[in-house]
Amino acid sequence: MHPIHAPCPDMAGMVSPDPEKRQRAVFLLGKLREKHGIRKRTYTPRPMNYRCTPTGCYEVNE
């Protein structure tokens, strides 16, 4: 495993996570979101509007 993907030493619980506990945590987070009206974040990809030249890259406003 590449070191960047390995859990930190202080994350001992993530060495072999229990799938049942993870599923329960996801469920409880969903209930808390629902109770407090917090919507789950959605990712909307934005187009990259930039042009690179030999002197550097610049944002293009069209």
Please write out which residues are connected to Phe27 in a hydrophobic cluster, directly or through intermediates, given that two of Ile, Leu, Val, Met, Phe, Trp, Tyr count as joined at side-chain heavy-atom separations below 4.5 angstrom. Leu28
Quick one: name the residues clustered hydrophobically with Leu32, using the 4.5 Å side-chain heavy-atom rule over I, L, V, M, F, W, Y, and just say none if it's on its own. none
Among all residues two or more places apart in sequence or in another chain, which pass the side-chain hydrogen bond (donor to acceptor under 3.5 Å, both in side chains) test with Thr42? none
Roughly how far, to the nearest 0.5 Å, is NZ of Lys40 from CZ of Arg33? 6.5 Å
Any pair with a residue in residues 17-53 that passes disulfide bond (SG atoms under 2.5 Å apart), sequence neighbours left out, goes on the list, sorted by first then second residue, please. Cys52-Cys57
Shortest non-hydrogen pair, Tyr58 vs Thr53, comes out as CE1-OG1, 3.5 Å
How long is the span from the CZ atom in Arg24 to the CG atom in Asp18, to the nearest 0.5 Å? 12.0 Å
